[in-house]
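To keep things clear, I will list the structure first and then write my remarks on it.
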Amino acid sequence: MKVMVVAPHPDDETLGCGGSLLKHIKSGDEVYWVIMTKMELRQGFAPEVIARREKEIEEVTARYGFAKTYRGEFATMELDTVSMSELVGFVSFCVQDCQPNIIYMPFPGDIHSDHTVVYEAVKSCTKSFRYPFVTSLRVYETLSETDFSLQANTTGFQPNLFVSIGEFLDQKIDIMRVFESELGLHPFPRSEQALRAQATLRGTVAGVEAAEAFMNIREIVK
């Protein structure tokens with residue numbers, strides 16, 4: 001089985017489905033990481049901050065044991081200024097290159113516009129007559145993005161797939177600690193306490209110790 005996770009920014013994959021990715025890898029699946037954006041000097045990011053992020057990406061890739069990491073050349077926080085055809089072209093290359101069976105993608109209702117744009121780009125690369133190997137599309141939730149959505153007149157994130165991650169939760173949090181600048185102390189929304197609380201809450205719905213929740217928006221059984 002081949003699995004692709006598409007992250008608007010490094011850390012979204014861990015927040016949204018880190019435990020599930022670890023579970024895939026333990027079971028022998030190949031997991032591929034697509035990072036859509038990068039920091040740029042012109043945006044005010046200091047060289048040392050950019051260098052630290054590069055080291056974080058290298059370390060996270062190694063800790064998971066990803067089969068391959070794809071890097072988009074799009075500036076963070078500016079995806080809504082990039083043509084959709086350009087974004088789709090990059091995602092399509094990644095999908096065609098690794099030919100995943102399962103794709104994890106961000107929720108389109110997230111408050112960060114980068115997440116919404118990434119969802120739109122990924123969904124364009126899932127047509128069964130063009131990408132017949134893609135059989136499952138799973139939308140993940142991202143702390144501080146999905147739960148802060150302010151869109152009115154929507155049903156919000158409605159999970160219908162729960163993956164037990166009890167044995168992987170500590171490892172997921174250890175990997176999240178690599179992104180040192182992205183974690184904060186409670187009640188900061190991306191805190192270790194919040195990660196554990198979310199996993200516990202989703203676990204109670206599924207009747208397990210800890211879980212990650214997804215919207216399974218398409219499943220093809222062949």
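For this chain, numbers begin at 1 and follow the sequence in order.
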Original post:
Going through the checks in order, is the salt bridge (Lys or Arg N to Asp or Glu O under 4.0 Å) test met by Lys172 and Glu212?
Top reply: CA-CA 11 Å; Lys172 167 179 174 169; Glu212 288 173 338; 2.7 Å; yes
Please name the pair of heavy atoms, one in [X] and one in [Y], separated by the smallest distance, quoted to 0.1 Å.
X: Arg42; Y: Ala75; result: NH2-CB, 3.5 Å
X: Ala210; Y: Leu169; result: CB-CD2, 4.1 Å
X: Val91; Y: Cys125; result: CG1-SG, 3.7 Å
X: Met36; Y: Val6; result: CG-CG1, 3.9 Å
X: Asn216; Y: Asn160; result: N-OD1, 2.7 Å

Could you state the interatomic distance from [atom1] ([X]) to [atom2] ([Y]), rounded to the nearest 0.5 Å?
X: Ser191; Y: Leu143; atom1: OG; atom2: CG; value: 8.0 Å
X: Gln193; Y: Phe188; atom1: CD; atom2: CZ; value: 14.0 Å
X: Cys98; Y: Glu30; atom1: SG; atom2: CD; value: 9.0 Å
X: Ser124; Y: Met84; atom1: OG; atom2: CE; value: 6.5 Å
X: Lys26; Y: Leu21; atom1: NZ; atom2: CG; value: 15.0 Å
X: Lys38; Y: Arg71; atom1: NZ; atom2: CZ; value: 8.5 Å

Does any N or O in the side chain of [X] come within less than 3.5 Å of the main-chain N or O of [Y], such that one atom is a donor and the other an acceptor?
X: Lys23; Y: Ser164; result: yes
X: Thr200; Y: Arg196; result: yes
X: Thr76; Y: Thr37; result: no
X: Gln43; Y: Glu40; result: yes
X: Arg202; Y: Pro159; result: no
X: Glu13; Y: Asp11; result: yes
X: Glu209; Y: Gly203; result: no
X: Ser149; Y: Thr146; result: no

Hey, does [Y] have a side-chain heavy atom less than 4.5 Å from the side chain of [X]?
X: Arg190; Y: Phe179; result: no
X: Lys222; Y: Pro132; result: yes
X: Leu41; Y: Pro47; result: yes
X: Leu79; Y: Ser113; result: no
X: Pro100; Y: Val95; result: yes
X: Glu192; Y: Leu183; result: no
X: Met4; Y: Cys94; result: yes
X: Cys17; Y: Val5; result: yes

**OP:** Decide yes or no on side-chain contact (heavy atoms from CB on, under 4.5 Å) for Glu86 and Glu73, but give the supporting numbers first.
**Re:** CA-CA 11 Å; Glu86 193 173 351; Glu73 293 296 316; over 6 Å; no
Test of understanding: clusters of I, L, V, M, F, W, Y form through side-chain heavy atoms closer than 4.5 Å, transitively. Do [X] and [Y] belong to the same one?
X: Ile165; Y: Ile175; value: yes
X: Phe66; Y: Leu15; value: yes
X: Tyr140; Y: Ile173; value: yes
X: Val34; Y: Ile103; value: yes
X: Val208; Y: Leu195; value: no

**OP:** If the plane angle is over 60° it's perpendicular, under 30° parallel, otherwise tilted; pick one for Phe133 and Tyr131.
**Re:**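 Ring orientation of Phe133 relative to Tyr131: perpendicular.
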Original post:
After noting the C-alpha distance and the side-chain angles of Asp97 and Tyr70, does the key distance pass the side chain to side chain donor-acceptor pair (under 3.5 Å) rule?
Top reply: CA-CA 10 Å; Asp97 188 61; Tyr70 299 88; 2.5 Å; yes
**OP:** Kindly state each residue pair satisfying ring pair (Phe, Tyr, Trp, His ring centres under 6.0 Å) with at least one member in residues 75-111, sequence neighbours excluded.
**Re:**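 For residues 75-111, and leaving out neighbouring residues, the ring pair (Phe, Tyr, Trp, His ring centres under 6.0 Å) pairs sorted by first residue read His24-Tyr104, Phe74-Phe90, Tyr104-Phe214, Phe107-Phe157.
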Original post:
Hydrophobic cluster mates of Val205, side-chain heavy atoms under 4.5 angstrom, ILVMFWY only, any path?
Top reply: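 Members other than Val205 - counting any ILVMFWY side chain reachable under 4.5 Å - are Phe162.
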Original post:
Does the distance from a Lys or Arg side-chain N to an Asp or Glu carboxylate O, for Arg63 and Asp174, drop under 4.0 Å?
Top reply: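 Answer for the salt bridge query: no.
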Original post:
For atom CD of Glu180, is the number of surrounding heavy atoms from other residues, nucleotides or ligands below 6.0 Å larger than 12?
Top reply: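 Not buried by this count: 12 neighbours or fewer within 6.0 Å.
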Original post:
In terms of heavy-atom contacts, does CZ of Arg130 have more than 12 from other residues, nucleotides or ligands at under 6.0 Å?
Top reply: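 Not more than 12 within 6.0 Å, no.
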**OP:** Evaluate the criterion salt bridge (Lys or Arg N to Asp or Glu O under 4.0 Å) for residue pair Arg53 and Glu182; output intermediate values, then yes/no.
**Re:** CA-CA 11 Å; Arg53 176 50 53 89; Glu182 302 300 333; 3.0 Å; yes
Original post:
Hey, mind stepping through Lys55 and Glu58 against salt bridge (Lys or Arg N to Asp or Glu O under 4.0 Å) and telling me if it holds?
Top reply: CA-CA 5 Å; Lys55 289 182 179 179; Glu58 290 179 9; over 6 Å; no
Original post:
For the side-chain contact (heavy atoms from CB on, under 4.5 Å) test, which of Ile25, Ile102, Leu22 pairs with Val31?
Top reply: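 Result: among Ile25, Ile102, Leu22, Ile25 is the only option passing the side-chain contact (heavy atoms from CB on, under 4.5 Å) with Val31.
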Do any side-chain atoms of residues 115-122 form donor-acceptor pairs under 3.5 angstrom with protein atoms, and if so which ones, sequence neighbours left out?
from   : atom 1 : to     : atom 2 : distance (Å)
His115 : ND1    : Asp110 : OD2    : 2.8
His115 : NE2    : Asp12  : OD2    : 3.4
Thr116 : OG1    : Pro108 : O      : 2.8
Glu120 : OE1    : Lys123 : NZ     : 3.0

